[in-house]
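Scroll down for the structure; my scribbles are underneath it.
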Amino acid sequence: MVFSALQTVRAANADEALRDAIRQTFEAAPELRETDVSGVYARRAYTPLWQSPTRREQLLTALADLTHDGLDPEHYALSQLRQDFAHASNTEHRLAAELAATRNCLLALTHLQHGVLDPVRDGGYWRGPNGAAPTLPAATEALAALADNDLDALFARFRPSTPLYLKLREALITARQAAPNAWPQVPAGPTIKPGKRDDRLPGLRTRLIASRHLGSEHAAGDQMDDALVEAVKTFQRENGLEADGAVGPATLHALNMTREARLSSLRINLERARWIAPHQRGNHVMVDVTGYRLSYFSDQTERWHARTQVGMPSRETPELFSRITHLTVNPTWTVPPTILKKDIVPKASTDPNYLASRNIRVFDRDGTELDPATVDWSRPGNLTLRQDFGDGSALGKVAIRFANPYAIYLHDTPNQRQFRRAQRTFSSGCVRVENALDLVQLLLEPGGDSHLARFDKALASGRTGNLNLPQPVPIIVAYLTAGPDDNGHIVFRQDIYKRDAVLSAKLDQAGKSITDKKL
């Protein structure tokens with residue numbers, strides 16, 4: 001009993017010595033006083049955080065679990081901390097381990113909450129003053145107030161809880177558990193069409209049986225029979241491909257996606273999900289560019305969705321955070337410069353009736369309307385072309401507006417047949433929305449019947465005009481090459497704008513630099 005009391009006294013003295021060492025560290029180095037680590041200890045009166053064996057083990061476990069978030073635990077010094085904790089036998093070693101643990105815990109919490117990279121600087125997002133995310137809890141304050149045995153809850157609090165993030169995380173865990181060569185490769189070659197014979201069909205059957213798209217009773221056969229065609233169509237639908245039953249380059253690429261490629265894709269898209277998670281609150285609109293889908297959410301519950309058409313690869317739809325503020329009813333369409341130069345001018349120069357047949361009028365720089373027949377279309381100069389509202393107008397019955405530097409918006413469209421296609425990169429950057437008037441109803445809903453009546457009256461008038469929303473609605477335009485299908489299952493989409501490799505390289509570079517940062 002005397003020995004136990006002596007141990008307690010020695011431990012108390014050691015903790016007091018460590019607290020003095022922590023305080024002296026920051027007092028002796030003014031450049032450290034403004035760091036987040038200093039902020040944690042200042043709030044705790046320099047009381048150590050990591051002297052309990054239980055809490056140390058909780059931290060090591062929490063850092064190890066970051067692999068399920070697509071983060072590398074070694075970027076947060078997992079192995080080094082384990083070693084430091086085991087050999088912290090004097091005040092100097094305990095101090096080093098204590099401060100390193102706090103620094104890496106803060107870093108992990110911040111990366112979980114905000115992402116490793118900055119969505120604007122590194123991810124290509126545009127975020128205006130009205131597109132800022134809600135304020136999130138500060139990691140320094142949360143860690144400083146940490147109570148006993150609450151570390152797991154702290155990491156769970158800072159990890160995004162959106163359905164998108166959790167599903168991607170679950171998919172990453174599942175993918176890690178799969179054998180490296182669980183799905184055999186299908187050899188390259190020309191498109192395999194329904195009804196045709198091909199030497200690669202046994203390999204195709206084996207691949208589809210392995211992923212449970214085809215029953216094992218169909219393992220034999222060198223002809224693309226009905227059962228195999230249906231299995232291919234199911235696979236294509238699940239992967240956002242045209243469900244034609246033919247195995248062309250895009251389908252072959254999806255079939256041959258390796259485990260490593262899937263892991264890489266999930267890591268990249270978990271980072272993207274961390275960027276957008278703070279914005280997924282309250283009523284908001286989310287455009288999933290590669291999923292060709294727009295959803296209206298109340299908090300994290302999807303109330304409505306529709307198919308979309310997005311920018312072609314040469315005219316990409318950008319990623320952004322903004323707020324929908326108003327509608328243009330019966331909109332006219334001012335032809336963007338790129339479309340004017342590449343699409344309109346060549347056609348107007350060869351077809352005298354092209355512009356009139358589409359209700360497009362021509363104006364000079366002073367706003368004076370010109371007769372298209374008088375324009376030298378080989379050298380059109382500084383012209384403005386505007387399409388009046390009417391049947392077949394490019395923007396349909398409504399355009400849905402939000403601030404952004406790209407002059408893009410959501411809009412109705414007369415091109416309804418194109419919504420039937422699986423891959424819908426048809427626009428010049430704007431987002432065409434199927435059943436856009438249904439979305440308008442949701443946007444106007446907070447204003448009650450009076451706002452809906454005003455919209456109906458404006459629409460019936462046939463005149464072009466703007467109508468403000470009763471309250472702005474946040475909008476996210478996101479680019480996710482791994483995301484949920486209509487059933488909520490994570491599927492891998494085509495990287496239509498070739499953005500994944502760039503983001504992967506930036507994540508790799510960030511990982512290399514993380515461990516070089518000091519307090």
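Along the sequence shown, residues carry numbers from 1. Side-chain atoms are counted along with the backbone in the values below, which use heavy atoms only and exclude waters and symmetry mates.
Taking the six-membered ring for Trp and thresholds of 30 and 60 degrees, His111 and Tyr76 have ring planes more than 60 degrees apart, a perpendicular arrangement. Using a 30° and 60° split on the angle between ring planes, Tyr125 and Phe321 fall in the parallel class, below 30°.
With respect to Arg159 and Asp65, no salt bridge is recorded, no charged nitrogen being found less than 4.0 Å from a carboxylate O. Looking at Arg358 and Asp351, no side-chain N of the basic residue comes within less than 4.0 Å of a carboxylate O on the acidic one, giving no salt bridge. Salt bridge Arg493/Asp500: absent, no basic N to carboxylate O contact under 4.0 Å. Looking at Arg303 and Glu445, a side-chain N of the basic residue comes within less than 4.0 Å of a carboxylate O on the acidic one, giving a salt bridge. The pair Asp299-Arg281 fails the salt-bridge criterion, with no side-chain N (NZ, NE, NH1 or NH2) lying under 4.0 Å from an Asp/Glu carboxylate O.
Under the ring pair (Phe, Tyr, Trp, His ring centres under 6.0 Å) criterion, Tyr292 pairs with no residue at all, not counting sequence neighbours.
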task: Apply side chain to side chain contact (heavy atoms under 4.5 Å, CB included) to the pair Gln113 and Arg274, showing each step before the final yes or no.
output: CA-CA 7 Å; Gln113 186 181 51; Arg274 285 188 283 269; over 6 Å; no
message: Under the criterion side chain to side chain contact (heavy atoms under 4.5 Å, CB included), I'd like the reasoning laid out for Glu434 against Gln416: C-alpha separation, chi angles, the key distance, then a yes or no.
response: CA-CA 7 Å; Glu434 187 177 31; Gln416 295 294 309; 4.1 Å; yes
task: Output, in order, the C-alpha distance, side-chain angles, deciding distance and verdict of salt bridge (Lys or Arg N to Asp or Glu O under 4.0 Å) for Lys397 and Asp412.
output: CA-CA 6 Å; Lys397 295 180 179 180; Asp412 187 19; over 6 Å; no
task: Report the C-alpha distance between Asn269 and Leu266 in whole Å, list the side-chain angles of each, state the deciding distance to 0.1 Å, and finish with yes or no for side chain to side chain contact (heavy atoms under 4.5 Å, CB included).
output: CA-CA 5 Å; Asn269 286 285; Leu266 290 166; 5.9 Å; no
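Distance NE2/His75 to CG/Leu63: 13.0 Å, rounded to 0.5 Å. Of the inter-residue distances, the one linking Arg454 atom CZ with Leu467 atom CG reads 5.0 Å to the nearest 0.5 angstrom. The line from OG1 of Thr258 to CD of Gln185 is 7.0 Å long, rounded to the nearest 0.5 Å. Note that CZ of Arg176 is 11.5 Å distant from OG1 of Thr174, once rounded to the nearest 0.5 Å. Here the CG atom belonging to Leu327 is positioned 10.0 Å from the CG atom belonging to Leu410, to the nearest 0.5 angstrom.
The two residues Thr317 and Cys430 come nearest to each other via the heavy atoms OG1-O, 4.1 Å. The two residues Pro160 and Ala277 make their nearest non-hydrogen contact at CB-CB, 3.8 Å. Contact record, Arg207 with Phe235: NH2-CE1, 3.7 Å, taken as the closest heavy-atom pair. Among all heavy-atom pairs drawn from Pro346 and Lys341, the shortest one is CD-O, 3.5 Å. A pairwise comparison of heavy atoms in Asn283 and Ser298 identifies OD1-OG, 3.0 Å as the closest pair.
Checked against Glu242 for a salt bridge (charged side-chain N to carboxylate O under 4.0 Å, His left out), the options Lys233, Arg237, Arg424, Arg421 give a single hit: Arg421. Of the listed residues (Asn404, Thr328, Leu395, Ile324), just one forms a side chain to side chain contact (heavy atoms under 4.5 Å, CB included) with Tyr409, and that residue is Leu395.
Residues Arg293 and Asp486 are in side-chain contact: their nearest non-hydrogen atoms beyond the backbone lie under 4.5 Å apart.
Close placement of the Tyr479 and Tyr497 rings is indicated, their centers lying within 6.0 Å of each other.
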